[in-house]
Amino acid sequence: MRKAQSEYIGFIIAIIIIVLILVPLFYILDNYSVPSAKQLDYVQVLKNQINGGGILIFFNSTYPKSSSSSVWANSTLIVLKGNGNYTLTGVYYMKGSVIYNVTSRVIPFIIANGQAQLLNNNHLPQPLIYNFSLPACVWNYSVVLQINGYNVTVFAQVYPNETAFTS
């Protein structure tokens with residue numbers, strides 16, 4: 001009789017373990033692949049990359065020097081932390097309440113051996129592995145950058161002598 005009781009108690013304990021551990025574990029594992037089936041919000045991913053993630057762009061604003069032909073004579077966008085997977089496709093600046101498109105006047109350049117070398121005949125769009133010389137007219141205004149990545153477009157704003165951010 002005692003052996004039957006101990007076997008019954010062991011059976012009850014086994015059932016409790018199955019119900020309390022294995023059944024919830026089954027539901028957790030059964031639902032495990034659901035997050036990967038959800039669509040990722042690539043706009044938010046790209047915004048996070050611009051706001052301190054994988055992209056860091058600094059607007060080096062300087063008063064234009066008309067006597068110099070150097071790229072440093074005008075304001076520049078310095079890509080401190082860039083990636084070839086992201087592309088700068090447009091540059092605009094805001095003067096008052098009007099937005100001006102200066103995309104065609106932006107010139108990409110690289111720094112090699114301490115010297116800036118222009119990429120001749122190359123205009124935007126360009127990957128964010130280059131630095132960019134801006135026209136003289138934008139030196140004291142906020143600049144809006146059109147950045148593509150992950151097949152989406154995000155607009156980032158950058159104030160003079162600050163880094164780019166999105167809202």
Side-chain angles (χ1 to χ4, degrees), residues 1-61 75-94 97-103 106-114 116 119 122-134 138 141-167:
M1 183 84 160
R2 289 192 177 252
K3 185 173 181 171
Q5 283 180 341
S6 65
E7 286 179 2
Y8 180 72
I9 291 173
F11 177 73
I12 294 298
I13 291 173
I15 293 294
I16 290 172
I17 289 173
I18 289 172
V19 169
L20 292 179
I21 295 174
L22 294 180
V23 170
L25 185 64
F26 170 75
Y27 283 114
I28 290 170
L29 294 176
D30 184 46
N31 201 18
Y32 186 72
S33 65
V34 171
S36 65
K38 291 182 181 175
Q39 242 349 51
L40 193 58
D41 183 12
Y42 289 111
V43 171
Q44 191 59 44
V45 170
L46 187 55
K47 284 182 177 183
N48 289 342
Q49 291 293 316
I50 294 169
N51 291 333
I55 304 172
L56 188 58
I57 303 171
F58 181 75
F59 178 22
N60 184 21
S61 177
S75 299
T76 55
L77 288 175
I78 307 294
V79 180
L80 300 170
K81 204 172 154 187
N83 192 322
N85 295 327
Y86 310 112
T87 306
L88 181 65
T89 56
V91 177
Y92 311 90
Y93 78 98
M94 298 174 63
S97 60
V98 180
I99 298 174
Y100 295 94
N101 185 353
V102 292
T103 303
V106 174
I107 302 169
F109 68 94
I110 58 173
I111 300 173
N113 298 326
L119 300 176
N122 287 329
H123 294 285
L124 298 183
Q126 290 291 330
L128 283 176
I129 55 174
Y130 303 116
N131 298 312
F132 300 92
S133 177
L134 300 174
V138 304
Y141 299 103
S142 66
V143 174
V144 177
L145 308 174
Q146 182 180 353
I147 299 174
N148 287 0
Y150 308 114
N151 291 328
V152 296
T153 299
V154 170
F155 291 93
Q157 188 167 5
V158 59
Y159 293 111
N161 297 318
E162 291 188 18
T163 57
F165 67 93
T166 62
S167 56

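Computed over heavy atoms, backbone and side chain alike; hydrogens, waters and symmetry mates excluded. This is a predicted model, so every value here is computed, not measured.
D41 CG to K47 NZ: the interatomic distance, rounded to the nearest 0.5 Å, is 8.5 Å. Atoms CG and CG, from N60 and L80 in turn, are 10.0 Å apart once rounded to the nearest 0.5 Å. Atom OH of residue Y92 and atom CD1 of residue I99 lie 9.0 Å apart, to the nearest 0.5 angstrom. Distance check, rounded to the nearest 0.5 Å: CG of L145 to CG of L128 gives 8.5 Å. Separation of atoms CG (L77) and CZ (F109) is listed at 9.0 Å; rounding is to 0.5 Å. Atom CD1 of I57 is separated from atom CD1 of I147 by 4.0 Å, given to the nearest 0.5 angstrom.
Looking at residues two or more places apart in sequence or on another chain, you find a side-chain hydrogen bond (donor to acceptor under 3.5 Å, both in side chains) between Y150 and Y86. Checked against ring-ring contact (aromatic ring centres under 6.0 Å, His included), F155 has no partners two or more places apart in sequence or in another chain. When the side-chain hydrogen bond (donor to acceptor under 3.5 Å, both in side chains) test is applied to S61, no partner is found at least two apart in sequence or on another chain.
For I129 against G84, the heavy-atom pair with the smallest separation is CG2-N, 3.6 Å. In plain terms, the two heavy atoms of P108 and H123 that are nearest each other are CD-CA, 4.5 Å. Shortest non-hydrogen contact noted between F132 and L124 is CE2-CD2, 3.6 Å. Listed here is the closest heavy atom pair of V19 and P24: O-CD, 3.3 Å. Smallest separation of non-hydrogen atoms from P125 and T87: CB-CG2, 3.6 Å.
V152 is not listed as a side-chain neighbour of N148, based on a closest heavy-atom distance of 4.5 Å or more. Looking only at side-chain heavy atoms (C-beta outward), V102 and V138 come within less than 4.5 Å of each other. The shortest distance between side-chain heavy atoms of I55 and L46 falls below 4.5 Å. For the pair F165/T163, no side-chain contact is recorded, criterion being any heavy-atom separation below 4.5 Å from C-beta on.
Remark: the N131 side chain and the T76 side chain contain no N/O donor-acceptor pair separated by less than 3.5 Å. Under 3.5 Å, the side chains of T166 and N51 contain a donor-acceptor pair of N or O atoms.
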Checklist entry - Step by step, would you call Y130 with L119 a side chain to side chain contact (heavy atoms under 4.5 Å, CB included)? => result CA-CA 9 Å; Y130 303 116; L119 300 176; 3.4 Å; yes
Next on the checklist: Apply side chain to side chain contact (heavy atoms under 4.5 Å, CB included) to residues V143 and Y159 and explain how you reach the verdict.
Outcome noted: CA-CA 6 Å; V143 174; Y159 293 111; over 6 Å; no
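Side chain of T89 to main chain of Q146: a donor-acceptor pair is present (N/O by atom type, distance under 3.5 Å, no hydrogens or angles).
Between Y141 and Y93, the ring planes are tilted. Angles from 30° to 60° get that label.
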